[in-house]
Amino acid sequence: MKEIFLPFTKKEWLFRMVFVGVLFVVVAAPFKSILTLVPGMTEVRPANMIPVVFGLIWGPAGAWGIAVANAITDVISGSGFNVWFPGFLINFFYAYLPYKMWYSLDLGRKTVDKPNLKSVSDIVRFIIIVFVDSLVTTVLLSVLFEYLGFQTYGSSGLLLFFNNFDFAVVLGIPVILLIGSRKNAVFWIPEGIERKGRRGYSTVSNIMLFSLATFGLVYYLLARFQGASIPVQTELWIFDLGILIEIAYVFKGFMHYENEVQKVNIRTLSIRAKVMLGFLLITVFCVVMVGVTAYMGRADVLSGKDLWEYIYVAVGISLNIMFVVSLLFLRYVEKNITIPVEIIAGEVDEFAGRDHLADVKDEVDLSAGRNRFYTGDEIEGLSEAFGHMMDDINSYVGNLVSVTAEKERIGAELDIATQIQADMLPSIFPAFPERPEIDIYASMNPAKEVGGDFYDFFMIDDDHIGMVMADVSGKGVPAALFMVIAKTLIKNQSQLSESPAEILYNVNNQLCEGNEAGLFVTVWLGIVQISTGKGMAANAGHEYPVIRRAGGQFELIKTKHSPAVACMEEMKFKEHEFELNRGDILYVYTDGVPEATDANNELYGTDRMLEALNTIPEDTSMENILKTVRASVDEFVGDAPQFDDLTHLAFVLK
């Protein structure tokens with residue numbers, strides 16, 4: 001993940017400087033009195049880890065904190081300018097050099113990663129930097145001590161080097177791993193690296209300049225340590241030249257990187273960091289045991305500086321051996337286990353965050369950049385399983401896209417079918433404005449997009465009106481298609497016959513032809529003579545109609561039923577007479593009203609229907625009758641889904 005590195009504010013910069021300085025003093029204080037060899041220097045200095053670690057992660061803030069803290073302690077201990085000022089410069093140099101080397105000697109890298117030591121190559125790079133830093137600092141301190149007259153040059157050089165190198169490696173690596181694993185770990189990145197287009201220094205020039213400086217210092221150290229006879233003037237020139245070149249290297253500009261700076265926001269220790277930290281802790285434990293063993297084995301023979309030089313040599317040799325073995329093993333684990341697992345985890349995370357629908361529509365081949373690992377173990381199995389999972393998900397999403405497209409197409413067609421069905425039913429009210437002696441209103445609410453219920457009303461002639469309330473078996477598209485045929489046939493037959501029984505007889509025979517699906521339809525068909533109020537009705541397996549006489553209550557009119565239409569050919573249907581007086585109201589409905597079901601699977605029933613109807617005043621409109629019943633049904637059902645089509649009709653003879 002790419003992030004922008006914001007520079008420290010003045011307050012943050014000062015806080016980090018003070019924090020590092022205080023930490024350095026607190027850690028160094030307990031060892032000030034342990035085996036003091038020269039003023040201000042001890043033979044055991046775990047605090048030597050702090051300049052390297054915090055100089056590396058916080059750059060100038062960490063280096064200034066170390067240098068200032070060391071100068072303050074020297075002044076407090078009574079040291080003069082010739083002691084604390086060179087010490088200030090050397091400690092600043094000691095803390096700043098690792099930071100400089102990390103961001104300048106990229107060794108062919110095209111991006112800059114923060115030094116969280118997330119790989120074995122980063123650890124090796126850190127060890128090399130610590131080695132060079134410890135070597136340079138040892139030379140500077142040894143020359144300073146000889147100049148101050150604390151000891152003959154070279155008598156404590158090896159001890160100083162191992163102090164710096166051992167503690168910086170043994171303690172520094174685990175500390176940086178833990179700091180770098182923090183969620184909001186802050187690392188100071190050189191400003192020059194962030195700015196694209198700023199002219200910088202090439203890797204080759206950095207390496208050449210640094211190599212010249214290091215060669216001069218190493219040559220000077222070895223020559224003096226081995227007692228070589230070199231003219232004093234030559235010594236000074238070699239030493240001064242090395243120091244000047246080293247200073248020029250440290251304070252010159254950072255090299256320019258073409259790519260943006262990258263920062264990995266690690267929320268916790270990665271599996272690779274955990275493995276490395278575990279082996280490093282084992283290495284530290286083994287090295288400590290070597291040091292304890294060396295001390296116990298030689299304490300009765302050696303003493304003072306000789307004893308600690310022996311211990312440091314033993315620790316240094318064992319440390320290097322252990323680190324070589326650990327790094328080789330860690331490199332094997334990294335290459336064959338942790339890196340594949342991290343890559344697979346990254347691919348899973350990236351795959352989970354993709355827009356798979358867009359990938360399918362754009363025909364993106366996700367397998368093209370997929371990593372395959374042929375390790376012959378569980379890693380290979382995990383890689384193959386993930387590959388199969390990706391393929392299966394892509395295939396599933398592809399099928400889902402096809403199914404969704406088909407569903408949308410069907411949905412669009414159903415919308416059209418719903419509209420067509422609604423248009424087939426009379427929906428303009430008042431239906432017969434030229435006939436003030438009658439009023440009629442009807443509605444149909446399907447349970448699905450299209451339904452099997454239907455109603456109809458039509459003038460057969462100037463004095464007769466036909467009314468139909470029907471319910472096709474089943475729901476959805478098949479019922480809707482059957483409904484269209486049944487409605488059309490009933491209306492057409494009503495224009496040819498005056499008897500409801502004869503109409504249903506003819507319609508039944510026509511519907512039975514080719515009815516392989518076995519659908520049927522319950523029908524209440526009534527024909528009323530407007531002038532007299534006399535009517536004839538046939539009930540083919542349908543609900544009982546309801547009539548309210550003027551000044552009375554709504555009551556069910558129970559008559560004998562005939563079988564449903566389209567059950568059997570040549571079937572005879574019964575019919576009966578009824579009469580409507582002026583002010584009488586006829587209410588017919590489908591089973592969607594009494595069989596409406598609530599969340600407890602309780603039916604609405606005809607009793608509740610009659611109760612709702614009887615709350616309606618006599619002078620109400622037919623539309624209000626239907627709305628009252630529907631409101632009562634909705635209140636009873638509550639949040640339960642609509643189970644069946646709900647269709648009803650009200651008619652009054654004024």
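What you are looking at is a predicted structure, and each value in this text was computed from that prediction instead of being measured. Computation of the quantities below employed the complete heavy-atom set of this structure, encompassing side-chain atoms and omitting hydrogens, waters and symmetry-equivalent molecules.
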Can you tell if the side chain of [X] reaches within under 4.5 Å of the side chain of [Y], non-hydrogen atoms only?
{"X": "Phe454", "Y": "Val468", "result": "yes"}
{"X": "Tyr589", "Y": "Met609", "result": "yes"}
{"X": "Leu504", "Y": "Val523", "result": "yes"}
{"X": "Leu649", "Y": "Phe651", "result": "yes"}
{"X": "Leu610", "Y": "Leu556", "result": "yes"}
{"X": "Ile440", "Y": "Met467", "result": "yes"}
{"X": "Leu511", "Y": "Val521", "result": "yes"}
{"X": "Gln495", "Y": "Phe458", "result": "yes"}

Rounded to the nearest 0.5 Å, what separates atom [atom1] in [X] from atom [atom2] in [Y]?
{"X": "Arg435", "Y": "Ile438", "atom1": "CZ", "atom2": "CD1", "value": "6.0 Å"}
{"X": "Glu579", "Y": "Arg549", "atom1": "CD", "atom2": "CZ", "value": "7.5 Å"}
{"X": "Ile530", "Y": "His464", "atom1": "CD1", "atom2": "NE2", "value": "8.5 Å"}
{"X": "Glu543", "Y": "Asp591", "atom1": "CD", "atom2": "CG", "value": "5.5 Å"}
{"X": "Ile460", "Y": "Gln529", "atom1": "CD1", "atom2": "CD", "value": "11.0 Å"}
{"X": "Phe520", "Y": "Met568", "atom1": "CZ", "atom2": "CE", "value": "13.0 Å"}

Would you call the rings of His576 and Phe578 parallel, tilted or perpendicular, where under 30° means parallel and over 60° means perpendicular? tilted
If the plane angle is over 60° it's perpendicular, under 30° parallel, otherwise tilted; pick one for Phe432 and Phe457. perpendicular
Steps toward side-chain contact (heavy atoms from CB on, under 4.5 Å) verdict (Met444, His648): CA-CA 7 Å; Met444 193 269 284; His648 47 177; over 6 Å; no
Minimum heavy-atom distance [X]-[Y], with the two atoms named:
{"X": "Asp584", "Y": "Asn581", "answer": "OD2-N, 2.8 Å"}
{"X": "Thr590", "Y": "Asp645", "answer": "OG1-O, 3.7 Å"}
{"X": "Pro500", "Y": "Glu575", "answer": "CD-OE1, 3.3 Å"}
{"X": "Asn509", "Y": "Glu570", "answer": "OD1-N, 2.7 Å"}
{"X": "Gly533", "Y": "Leu653", "answer": "CA-CD2, 3.6 Å"}
{"X": "Tyr455", "Y": "Leu425", "answer": "O-CD2, 3.3 Å"}

Within a 6.0 Å radius of atom [atom1] on [X], are there more than 12 heavy atoms belonging to other residues, nucleotides or ligands?
{"X": "Glu577", "atom1": "CD", "result": "no"}
{"X": "Glu635", "atom1": "CD", "result": "no"}
{"X": "Glu516", "atom1": "CD", "result": "no"}

Qualifying residues under ring pair (Phe, Tyr, Trp, His ring centres under 6.0 Å), relative to His542, sequence neighbours excluded: none
Can you confirm whether the side chains of [X] and [Y] place a donor and an acceptor under 3.5 Å from each other?
{"X": "Arg630", "Y": "Asn445", "answer": "yes"}
{"X": "Asp471", "Y": "Thr522", "answer": "no"}
{"X": "Asn601", "Y": "Thr597", "answer": "no"}

When you measure from the centre of the six-membered ring of Tyr505, is the NZ or CZ of Lys572 under 6.0 Å away and within 45° of the axis? yes
So His561 and Tyr544, ring pair (Phe, Tyr, Trp, His ring centres under 6.0 Å) or not? Walk me through it. CA-CA 9 Å; His561 285 173; Tyr544 292 119; 4.7 Å; yes
Does the pair Tyr587 and Val629 meet the rule for a side-chain contact (heavy atoms from CB on, under 4.5 Å), with working shown? CA-CA 11 Å; Tyr587 175 78; Val629 175; 3.5 Å; yes
Would you please test Val546 and Leu613 for side-chain contact (heavy atoms from CB on, under 4.5 Å) and show each step? CA-CA 10 Å; Val546 177; Leu613 287 170; 4.2 Å; yes
Given 3.5 Å as the limit, does a donor-acceptor pair link the side chain of [X] with the main chain of [Y], or not?
{"X": "Asn614", "Y": "Gln553", "answer": "no"}
{"X": "Ser632", "Y": "Thr628", "answer": "no"}
{"X": "Thr620", "Y": "Pro617", "answer": "no"}
{"X": "Thr488", "Y": "Val484", "answer": "yes"}

Glu602/Arg608 ion pair, N-O < 4.0 Å: yes
Test log, rule side-chain contact (heavy atoms from CB on, under 4.5 Å), inputs Ile57 and Ile179: CA-CA 9 Å; Ile57 65 175; Ile179 292 176; 4.0 Å; yes
